[in-house]
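Only heavy atoms go into these numbers, but all of them, side chains included; no hydrogens, no water, no symmetry mates.
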Amino acid sequence: MTAPVAAPVIEVDTIAKSFAGLTAVDGVSFAVEPGSVVGLIGPNGSGKTTTLNLVNGVHAPERGTVRVAGREVQGRGSRAVVEAGVTRTFQNARVFSTVTALENLMVPVLHRPGGRRHWQRRAEELLAFVGLAAHRDTPASELSGGQQKLLEFVRALVTDPHAVLMDEPFAGVHPSVKEVMRARIADRNTEGTAFVIVSHEIPDLMRLCSRVICMCEGRVIADGTPAEVVAEPRVVEAYLGRGPAGRGERG
Amino acid sequence: MARDTTLGDISQDLPQDTALAPAVASAAAGRRVPRWVGPAATVAVLACLLFMPQALGLGGLTTATTVLMYAVVALGWNLLGGAGGYLNFGMAVFFGAGVYTAAALNALGWGLWAGLVPAVVVATLIAVPVGLVTLRLRGYFFAIFTLVLTFLAQIVVRNSPWLGGAEGLYTTVDTTGGPRALAATFYYALLGLVVLAAAVAFLVEHSTLGHALRAIREDEDAAVVLGVRTVGVKMRALLIGAALAGAAGAVYAFLTGYVEPNGAFDVSFSLDIVLVCVIGGLGTWRGPLIGAAVVVLLEQWLRTAIVDLGAWGLDIPAEANRVVLGVLLIVFALFARRGIAGLFQRRRGRVVGV
Ligand SMILES: Nc1ncnc2c1ncn2[C@@H]1O[C@H](COP(=O)(O)OP(=O)(O)OP(=O)(O)O)[C@@H](O)[C@H]1O
Ligand SMILES: [Mg+2]
């Protein structure tokens, strides 16, 4: 008997997206295996956030396909992606500031069956998971920037997704919060949740990831283990050399 | 713009998280009112309201009834407008739908109580296509479209002979008890609706629908990304609001005795409702209750005050009261965004700048 081969949670095939003539993502392909942690690096403006937006359904790709758990979801909007089991966080935390931490976690489960009490218990567990239990009834605007990032992280976990896309989870947070974030991502990962993490904090990322994809000018220029990718001359050049000169530096 | 130059750059952190936490906690713990005060005050106010018709003269009772009518419609408006952040300048459409439904049925012999349910149904049904068209629009587009709807409704009714056209319709009520008893009937009908509307508003505020609406107001795109069916959520808020406005409209049809297109679908009524919520407090069930009293009483006072000024030889047009209300709207929008209700509540603000 052969063991069942688990299909990739996310399968991206030659997707592309341009904005007013500027090709932000240009034929990117990769797959995310269940329970893996994939790092996505690249200079500013290289198309990392746009790639997440394409996977997540914020944008529809101009060509190519996005599959979540085997189902094609491109062009079907964010809700289809969420329902297929992929959630996300944003580069700048987008918590709902006038509602409490607990209520923030209730927003993703609005249309889910199971009853309010069940979801509330789940939300309380998750707040405790990242050390925000005491802030259950605090409006999110009164949380610090780092706490908001943690809140946004657990908000992406409420629905028990197969994979979470995280855009810059370590940016602009205190090292102690960063450590909590890193440890909790690792905890969830051992329970089977896959992650795609965009980050410029390479050392933090390397400790988490089994695989790193490096993008430059909308294309994948390296894909492999952290050690392989860091040793790749094109990656070193992208970071130290030309960088994003002439691209993406609008405004 | 900072740009990465090395693979190991982690120097952009600021130690803000731990240092400011105690300050946040103490600010949040500030002066708090004991738990029983809220319910006790509600009961006391309700008791006073129940005895209002005995205590007030006919003029005062009419004013109180107007306050209640504004409160019902404003409570309905506040769900989508206050919690959801969608400025609906077309509340008069649903109100007018209730007015005309009740009046048209009255011509067939239906009374106030019998006409109430159909008025609610018609107002809600009209809100469905309105919602399907407008709720995909954002911001200014939504506001402008709803404003236009009021004029559209006027035109439709003016050209509908079976609704009395431009001449309008008369309603008749049983007046055997005398004017006082009749006034008290309208008062209690609207008081009942206010209690119902406030209860609905309270429940929505504390339900997942309320959270979803507030999420939409703050960041609709993020709500979509989290899987919220935003159009459906906004639609529910709009329908509940339309139903309440329709109910208030049904009572108004009998209260005025004569309905015509410009009176039933009145843009300045739509504006007043927005004003009531802004002044009273957006997105809280108490706000419209406070705001309705303030706006209606102020409007009446201004009207007599302007007449008094005329006696001193100052020739001020009667519409000047709208200028005062307009200024008030701007003042609240700029300096007291949470309205009068917000002044009594625990501050929920951005304590830590991010
Ligand atoms: N909504 C948009 N409209 C127009 N241009 C956009 C939009 N989103 C992204 N871009 C452009 O696409 C390019 C890629 O941007 P993207 O945000 O994906 O980069 P990134 O790799 O996430 O960069 P960073 O590290 O700075 O976050 C940039 O040139 C950017 O200006
Ligand atoms: Mg980015």
Would you check if B:His211 and A:Thr100 make a side-chain contact, meaning some heavy-atom pair closer than 4.5 Å?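 No, their side chains stay 4.5 Å or more apart.
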Check: Taking atom CZ of B:Arg217 and atom OG1 of A:Thr98, what is their separation to the nearest 0.5 Å?
Finding: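 Between B:Arg217 CZ and A:Thr98 OG1, I get 4.5 Å after rounding to 0.5 Å.
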Item to check | Approximate separation, where rounding is to 0.5 Å, of B:Asp221 CG and A:Phe90 CZ | outcome: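 That separation rounds to 8.0 Å.
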Looking at B:Arg136, I'd like to know if its CZ atom is crowded, meaning that more than 12 non-hydrogen atoms belonging to other residues, nucleotides or ligands lie closer than 6.0 Å.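 Not more than 12 within 6.0 Å, no.
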- If you draw a 6.0 Å radius around CG in A:Asp160, do more than 12 non-hydrogen atoms from other residues or ligands fall strictly inside?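 Yes, enclosed.
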Would you name the heavy atoms of B:Ala215 and A:Phe96 that are closest together and state the gap between them?
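Minimum heavy-atom contact is O-CE2, 3.4 Å.
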Heavy-atom pair of closest approach, residues B:Thr208 and A:Arg116: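 Looking at all heavy atoms of both residues, the shortest contact is N-NH1, 4.4 Å.
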For residues 223-236 of chain B, please give each side-chain donor-acceptor pair under 3.5 Å, one per line with the distance, not counting sequence neighbours.
{"residue": "B:Lys234", "atom": "NZ", "partner": "B:Tyr86", "partner atom": "OH", "Å": "3.0"}
{"residue": "B:Lys234", "atom": "NZ", "partner": "B:Leu135", "partner atom": "O", "Å": "2.7"}
{"residue": "B:Lys234", "atom": "NZ", "partner": "B:Glu220", "partner atom": "OE2", "Å": "2.8"}

| request: Pick whichever of A:Met106, A:Met206, A:Arg112, A:Arg155 has the most heavy-atom pairs under 4.5 Å with chain B. | output: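 The option with the most such pairs is A:Arg155.
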Q) Salt bridge between B:Glu218 and A:Arg94, side-chain N to carboxylate O under 4.0 Å? A)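 Answer for the salt bridge query: no.
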Is it the side chain or the backbone of A:Val95 that comes within 4.5 Å of chain B heavy atoms, both, or neither?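 Backbone only.
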Contacting moiety of A:Val107, where chain B heavy atoms sit under 4.5 Å: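 Contact with chain B is through both the backbone and side chain of A:Val107.
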Strictly less than 4.5 Å between heavy atoms, which residues of residues 73-80 of chain A line up against chain B? Please order them by number.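 Listed by number: A:Ser78, A:Arg79.
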